[in-house]
Amino acid sequence: MSKTLDSLKKSRPWIRYIDDERGDGNSIIVTLADGYDFADDPGCGVKGFDTVVEVRDGTRKSDVQEKAAAAAAVV
């Protein structure tokens, strides 16, 4: 895994796993931690990205949301 992807995983607790499958002709697969979804696709916690820059930009805190049930349990 690239240093940037490793750094993103460590600095963004809502990211559970990053699988760089570009060497196999696929995407970089990002799996969010339990309780999180991608904001532009509610109910989806796994997304493919073509580049490291897309992973960085697509996994910012503003691009993910806590699931309603998980957020309600915290209150």
Side-chain angles (χ1 to χ4, degrees):
M1 179 181 323
S2 77
K3 289 181 183 181
T4 302
L5 290 175
D6 190 46
S7 175
L8 288 171
K9 184 178 178 302
K10 290 177 181 177
S11 66
R12 297 179 178 186
W14 50 89
I15 296 176
R16 179 173 15 138
Y17 189 72
I18 298 176
D19 186 17
D20 188 352
E21 298 182 356
R22 292 176 296 172
D24 297 328
N26 298 318
S27 301
I28 302 168
I29 308 300
V30 175
T31 303
L32 298 179
D34 291 339
Y36 290 93
D37 290 332
F38 287 98
D40 64 349
D41 193 3
C44 179
V46 178
K47 194 174 201 179
F49 297 92
D50 291 327
T51 67
V52 173
V53 170
E54 288 178 4
V55 173
R56 183 195 66 208
D57 293 346
T59 60
R60 293 174 295 207
K61 183 61 178 162
S62 62
D63 295 305
V64 300
Q65 62 186 10
E66 288 189 71
K67 292 181 183 177
V74 174
V75 175

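- K47 has a carboxylate O that lies under 4.0 Å from a charged side-chain N of D40, or vice versa, which qualifies the two as a salt bridge.
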Is there a side-chain contact (heavy atoms from CB on, under 4.5 Å) between R22 and F49 once you walk through the steps?
CA-CA 10 Å; R22 292 176 296 172; F49 297 92; over 6 Å; no

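- Put simply, CG on D41 and CG on D63 are 12.5 Å apart, with the number rounded to the nearest 0.5 Å.
- Taken to the nearest 0.5 Å, the CG atom of D57 stands 9.5 Å off from the CG atom of L8.
- For G48 against I29, the heavy-atom pair with the smallest separation is CA-CD1, 4.0 Å.
- Panel note: side chain D24, backbone N26; no donor-acceptor pair is recorded below 3.5 Å.
- L32 contributes atom CG, which lies 7.0 Å from atom CD1 of I15 (distance to the nearest 0.5 angstrom).
- The minimum heavy-atom distance between A33 and P13, with the atom names listed, is CB-O, 3.9 Å.
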Given F38 and V64, is the side-chain contact (heavy atoms from CB on, under 4.5 Å) satisfied, shown in steps?
CA-CA 4 Å; F38 287 98; V64 300; 4.3 Å; yes

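- Note that the OG1 atom of T59 and the CH2 atom of W14 stand 7.5 Å from one another [nearest 0.5 Å].
- Taking every heavy atom of both residues into account, L5 and I18 meet most closely at O-CD1, 3.5 Å.
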Taking it one step at a time, do Y36 and E66 satisfy side-chain contact (heavy atoms from CB on, under 4.5 Å)?
CA-CA 4 Å; Y36 290 93; E66 288 189 71; 3.4 Å; yes

One pair to check against side-chain contact (heavy atoms from CB on, under 4.5 Å): C44 and D37. What are the steps and the verdict?
CA-CA 5 Å; C44 179; D37 290 332; 5.7 Å; no

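- Checked by atom type and distance alone, the side chain of R56 never pairs as donor or acceptor with a backbone atom of T51 at under 3.5 Å.
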